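One-based numbering, in listed order, for ligands and for the atoms of each. As the structure is a prediction and not an experimental result, all values here were calculated from the model.
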Amino acid sequence: MKLTGHLIIGASDVGATEGTMKALNPATNQLIELDFALGGAAEVDRAATLADEAFDAYSHTSLARRAAFLDSIADNLDAVRTELAARAALETGLPEAQLEGEAAKAATQFRQFADVVRKGRFLQLAVDPAQPDRLPRPRMDHRLQKIAIGPVAIFGASNFPISYSVAGGDTASALAAGATVILKAHNAHPGASEIQARAIRKAVQEHELPEGVFSMVRGSGNAIGEALVDHPLVQAVTFTGSERGGMALYRRAQQRPDPIPVFTEMTSVNPTFILPHALATRGAQIGDGFVERMLVNVGQACLKPAILITIEGDGFEALRAAMVKRVNEAPARTMLAPGIHASYRSGLAAMENAGARRIAEGAAPSGEWEGQSALLEVEGAHFLIETVLAHEAFGPSALLVKVRDEAELLAVARAFKGQLSAAMHLEDGDRALAHRLLPVLERRTGRIVVNAFAHPQEVTFATVHGGPFPATSDSRFTSVGMTSIERFLRPVAYQGFPDALLPEALRDANPLKLPRIVDGQ
Ligand code: NAP
């Protein structure tokens, strides 16, 4: 596919109105030849207007047609997988083979959501028939289905340039819900974004859907994102990125005359607890596995295990030695973008200034934007007074927290704010402590993993990628997994309707043969 650098607004390729930008190859620190168009409020307005015009028709497509559309997006992504991975590698410094896997995962997600749509359970259909003889007063017929919330603005993430970006889970779940999408592309990978946007638009055209079902805009600075969040036709926002950016957009949306939901996924250190029997029996093995997962994606992953907490005792020295060895052996690798590289370095410096000691570091960087791996260590008592030590340093580093006893381990667990995940490594002899730790973790995270790490992540019905603030801005929802569709749905009740006027899914004969709760059963 030949890249053109245009914005993709409905069926139109739109040129620059607010200047152009080039992609940076962070591995060579060279700009890549090709100008990408930047747009502004006018382009957001055009995309939002088209998304609104398309909404009624698209949200009322039959489940079969919508599912076929999602399957076609998957096919179109598969067809460009090699060139998409190659371009994403050029723009992110991530390995091409890893990005091929990410592209395959993105396509699979669209197929999974096609299946969700076909089965129709997400509509959460309920039928409460009339009870004309009920005393003291009769009950009217009530029926419920979930409908799409409206046009959705999606901010593509920087760190997974496909599966959390233009063709990522947010787009797949929003389109599955019947919402129309305006995607704000991340400027760190404009070429990969264009390839994905064209694959989605091709499917819109193949299925003769209204052009406004999908658009992709790009701009420089905050103006374009602000215009999206402010646009009166946009009805929900999703965001993956920094706490600062996410909260700025969240607050902005709440100040609209008509506030709208903003689902942000922001920051998490994914605390990992090794309980004493597990430490004694397999400390070195756990330490090795922890560092391996910490280094995935050069540490630029929302599920990176960043903080390991354990009671100093049998097995501790073996754990520490394994972690030190593994970090010392880690090569420096290119980070996604200069800004992310800078914030990694300043995050590490802040932790060292707060008293964490560097006990291991990987090979020194040779490229401009390479991240050097680091392992820091601190005592539990110190961790409890320096809140900055619990902040995320987005990159290849981790903090080992040594605690004195079970009471201090529980105090450290209680000190964490909301997280996407937490992990416990345990043996049978650790059950009593695990029972005490579990409720502390449940209050603070959306996912608890035993004897493994949260990363890599499966995309299933039971997946939760969410958690209390600041992991996300709304802990009731997940941003990954099949139930992430619920972010884009709202319930509508139909009361006293004649059968022929009801949505098909709610008619007496259940013509679509969908699962329904009838009179509570
Ligand atoms: P970011 O700076 O938060 O930006 C994400 C997206 O939101 C970009 O498209 C950005 O546009 C836009 N944006 C941010 N603040 C905005 C504002 N106030 N108004 C309007 N638009 C705004 O995130 P990033 O560039 O991906 O990475 C920066 C840092 O975020 C990382 O160093 C890391 O700490 C964190 N991060 C965390 C995760 C995670 O999963 N935990 C994932 C990615 C990043 P512009 O690019 O045009 O500014």
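Among protein heavy atoms, the minimum distance from atom 40 (O) of ligand 1 is reached at C302 CB, 2.9 Å. Atom 15 (N) of ligand 1 has its closest protein heavy atom at G245 CA, 3.3 Å. In terms of protein heavy atoms, atom 28 (C) of ligand 1 is closest to I340 CG1, 4.1 Å. Looking only at heavy atoms of the protein, atom 16 (C) of ligand 1 is closest to N222 OD1, 3.5 Å. The closest protein non-hydrogen atom to atom 23 (O) of ligand 1 is S242 N, 3.6 Å. Looking at atom 10 (C) of ligand 1, its nearest protein heavy atom turns out to be K184 NZ, 3.9 Å. Nearest non-hydrogen protein atom to atom 6 (C) of ligand 1 is F239 CE1, 3.8 Å. Counting only heavy atoms of the protein, atom 31 (C) of ligand 1 lies nearest to F394 CD2, 3.6 Å.
Counting all heavy atoms, side chain and backbone alike, S173 lies closest to I485 at O-CG1, 3.6 Å.
Between H425 and F453, the two ring planes are tilted [angle within 30° to 60°].
R198 and E194 are joined by a salt bridge, as a carboxylate oxygen and a charged side-chain nitrogen come within less than 4.0 angstrom of each other. A salt bridge links R357 with E379: the closest approach of a Lys/Arg side-chain nitrogen to an acidic carboxylate oxygen falls below 4.0 angstrom.
Rounded to the nearest 0.5 Å, atoms CD1 (I154) and CE (M216) are 13.0 Å apart. Residue M266 holds its CE atom at 9.5 Å from CG of L420, rounded to the nearest 0.5 Å.
Distances below 4.0 Å separate heavy atoms of G221 from the following atoms of ligand 1: 47 (O). Annotation for ligand 1: atoms under 4.0 Å from non-hydrogen atoms of A248 are 18 (N).
The closest approach between any non-hydrogen atom of G339 and ligand 1 is not below 4.0 Å. The closest approach between any non-hydrogen atom of E392 and ligand 1 is below 4.0 Å.
Other residues, nucleotides and ligands contribute more than 12 heavy atoms inside 6.0 Å of the NZ atom of K105. Within 6.0 Å of CZ in R111 there are more than 12 heavy atoms belonging to other residues, nucleotides or ligands. Residue R256 qualifies as enclosed at atom CZ: its count of foreign heavy atoms under 6.0 Å is above 12.
Judged as a side-chain hydrogen bond (donor to acceptor under 3.5 Å, both in side chains), the pairs with a partner in residues 446-468 (not counting sequence neighbours) are, in order, Y164-Q457, E265-H465, R282-N451, Q457-H465, T460-T463.
Residue M266 has at least one N or O atom closer than 3.5 Å to an N or O atom of ligand 1. In terms of polar-atom proximity, defined here as any N/O pair under 3.5 Å, S343 does make such a contact with ligand 1. For ligand 1, one of its N or O atoms has an N or O atom of H186 under 3.5 Å away.
The part of E265 lying near ligand 1 is the side chain, judged by heavy-atom distances below 4.0 Å. With a 4.0 Å cut-off on non-hydrogen atoms, L249 touches ligand 1 through its side chain and not its backbone.
Every residue was checked against the side chain to side chain contact (heavy atoms under 4.5 Å, CB included) condition with A248, not counting sequence neighbours, and none meets it.
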